[in-house]
Protein chains: 2
Amino acid sequence: MPAAEDQPAASPARSARRQQTESAILEAALDVFAMHGFRGTTLDQIAERAGMSKPNLLYYFPSKEDVHARLLGDLLDHWLAPLRGIDPGGEPVEEILRYVRRKLAMSHDYPRESRLFAGEIIAGAPRISGFLTDGLRPLVDETVALIQGWIAQGRLAAVDPVQLLFSIWALTQHHADFAAQIEIVAPGDRAGDAGAFLDQMYRRLLTP
Amino acid sequence: MPAAEDQPAASPARSARRQQTESAILEAALDVFAMHGFRGTTLDQIAERAGMSKPNLLYYFPSKEDVHARLLGDLLDHWLAPLRGIDPGGEPVEEILRYVRRKLAMSHDYPRESRLFAGEIIAGAPRISGFLTDGLRPLVDETVALIQGWIAQGRLAAVDPVQLLFSIWALTQHHADFAAQIEIVAPGDRAGDAGAFLDQMYRRLLTP
DNA sequence: GCTGATCCTGACCGATTGGTCAAATCAAGT
DNA sequence: ACTTGATTTGACCAATCGGTCAGGATCAGC
């Protein structure tokens with residue numbers, strides 16, 4: 001058995017060249033999938049944006065579904081991290097504000113991923129219902145219990161924990177998903193404004 | 001000249017039958033466009049859902065673009081109404097809370113329209129940038145000025161008015177656009193919870 | 001500079017796309 | 001019943017879709 005690789009089997013040291021091409025494909029695919037959704041995206045579009053022929057794209061990924069699945073998989077890996085980062089031992093208001101800031105930073109740094117996710121949900125979550133059920137939901141239940149505990153201790157204002165989480169998702173992802181609208185209605189970089197506003201809003205809401 | 005009709009020209013009393021068929025088409029098209037976006041939607045899907053053949057659909061609407069444009073037009077007519085409904089002479093906090101409630105009700109009653117709009121924005125707003133620039137933006141500028149006036153009078157807490165509006169849009173539309181996620185993470189009808197939460201949140205934020 | 005594996009593409013395939021058209025059907029006067 | 005216009009559809013079209021395939025480039029190791 002050869003030395004352990006990140007790929008579990010069959011591939012003896014995946015060439016850097018291959019990884020680079022795969023990245024170029026995924027980069028291009030993210031652009032198009034985030035904009036037009038799965039069904040509205042064509043392989044020709046992705047291939048052209050990636051600067052290669054369609055058969056070559058299919059040499060790296062067996063099908064359109066595979067490209068999309070890979071993007072979603074990579075995305076969902078990172079999606080739960082901020083929620084997991086809430087420290088049950090920390091100061092409640094500050095912990096939630098930290099979560100808000102991390103989520104907002106993710107929307108700011110990865111807007112296409114946010115739009116990809118949004119489009120998937122709008123389409124009825126056909127490809128990620130498993131993730132939502134097995135990955136997100138248990139973590140939400142856990143976090144809701146934690147928040148309820150904080151409220152019971154009087155360390156947090158009495159709010160509906162589920163609605164609190166929904167509101168954080170809505171407010172942070174909005175800046176990525178509706179960027180086109182924001183840019184037209186109020187042009188200019190509003191990232192700082194958004195951060196300050198959310199800080200103010202949740203501090204007022206949550207301070208007991 | 002015949003008696004005035006709702007259609008300004010050429011059509012002498014559009015038959016009720018035609019309007020009924022058009023409605024059936026638009027109803028089916030809204031389902032599909034809201035779910036899959038413009039490019040991801042096919043005329044065959046719409047025709048099948050509307051219970052007719054594709055050529056017959058094209059007898060009522062000259063093209064796929066026309067169906068989509070009609071849906072967007074009808075939607076945008078209603079979209080600005082709640083924002084226009086803010087009364088400059090009213091009590092500031094209550095006026096904004098009323099706007100929040102009306103917007104939430106719209107998302108609750110017309111979730112497909114909300115998703116259609118969201119998908120259009122995510123796709124870069126190619127077909128509604130005119131509406132955003134000519135319809136929404138001036139109204140936003142107006143409302144922002146109104147809110148700034150209220151803040152200057154000390155009748156509203158000092159918040160960024162632009163961010164305030166964005167937050168209202170995000171929080172209300174979220175319940176329609178991300179319904180699939182909400183249903184999985186926290187099943188059951190949460191409409192009442194959402195209303196109460198938003199009321200609490202904005203009251204705390206805006207009360208001077 | 002030969003060889004074998006990897007990488008890449010033009011040409012092509014059947015299915016599906018938005019849209020057309022001629023002909024069939026329907027509804028309503030007369 | 002007959003005519004007229006509005007409605008509906010099967011058959012069809014060129015373009016595009018996801019995907020295949022045979023063969024040409026390109027590269028590393030020798």
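These figures come from a predicted structure and were not determined experimentally. Sequence lines set the chain letters: A, B, ... in the order given, protein chains first and strands last, and positions in each chain run from 1.
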Quiz item: Is the NZ or CZ atom of Arg102(A) both under 6.0 Å from the centre of the six-membered ring of Tyr110(A) and within 45° of that ring's axis?
Solution: no
Quiz item: Can a salt bridge be assigned to the pair Glu142(B) and Arg84(B) using a cut-off of 4.0 Å between side-chain N and carboxylate O?
Solution: no
Quiz prompt | Salt bridge Arg18(B)-Glu22(B), side-chain N to carboxylate O under 4.0 Å | solution = yes
Quiz item: Between Ile128(B) and Ile121(B), is any pair of side-chain heavy atoms under 4.5 Å apart?
Solution: yes
Quiz item: If you measure from the Lys or Arg side-chain nitrogens to the Asp or Glu carboxylate oxygens, is any gap between Asp74(A) and Arg70(A) under 4.0 Å?
Solution: yes
Quiz item: Taking CZ from Phe38(B) and P from dT17(C), how many angstroms apart are they, rounded to a whole number?
Solution: 14 Å
Pairs under 3.5 angstrom, nitrogen or oxygen only, protein versus nucleotides 24-29 of chain D, please.
none

Quiz item: Atom CG in Asp31(A), atom NE2 in His36(A): separation rounded to 0.5 Å?
Solution: 10.0 Å
Practice problem: Hey, could you give me each pair passing side chain to side chain donor-acceptor pair (under 3.5 Å) that has a residue in residues 176-185 of chain B? Not counting sequence neighbours. | Solution: Ser114(B)-Asp177(B)
Quiz item: How many angstroms lie between atom CG of Leu30(B) and atom CE of Met35(B), to the nearest 0.5 angstrom?
Solution: 10.5 Å
Exercise. Kindly say if Arg18(A) contacts the phosphate of dT6(C), meaning a side-chain N or O under 4.0 Å from OP1 or OP2.
Key: no
Quiz prompt | Any residue of residues 39-69 of chain B with a heavy atom less than 4.0 Å from an atom of DNA chain D | solution = Met52(B), Ser53(B), Pro55(B), Asn56(B), Tyr59(B), Tyr60(B)
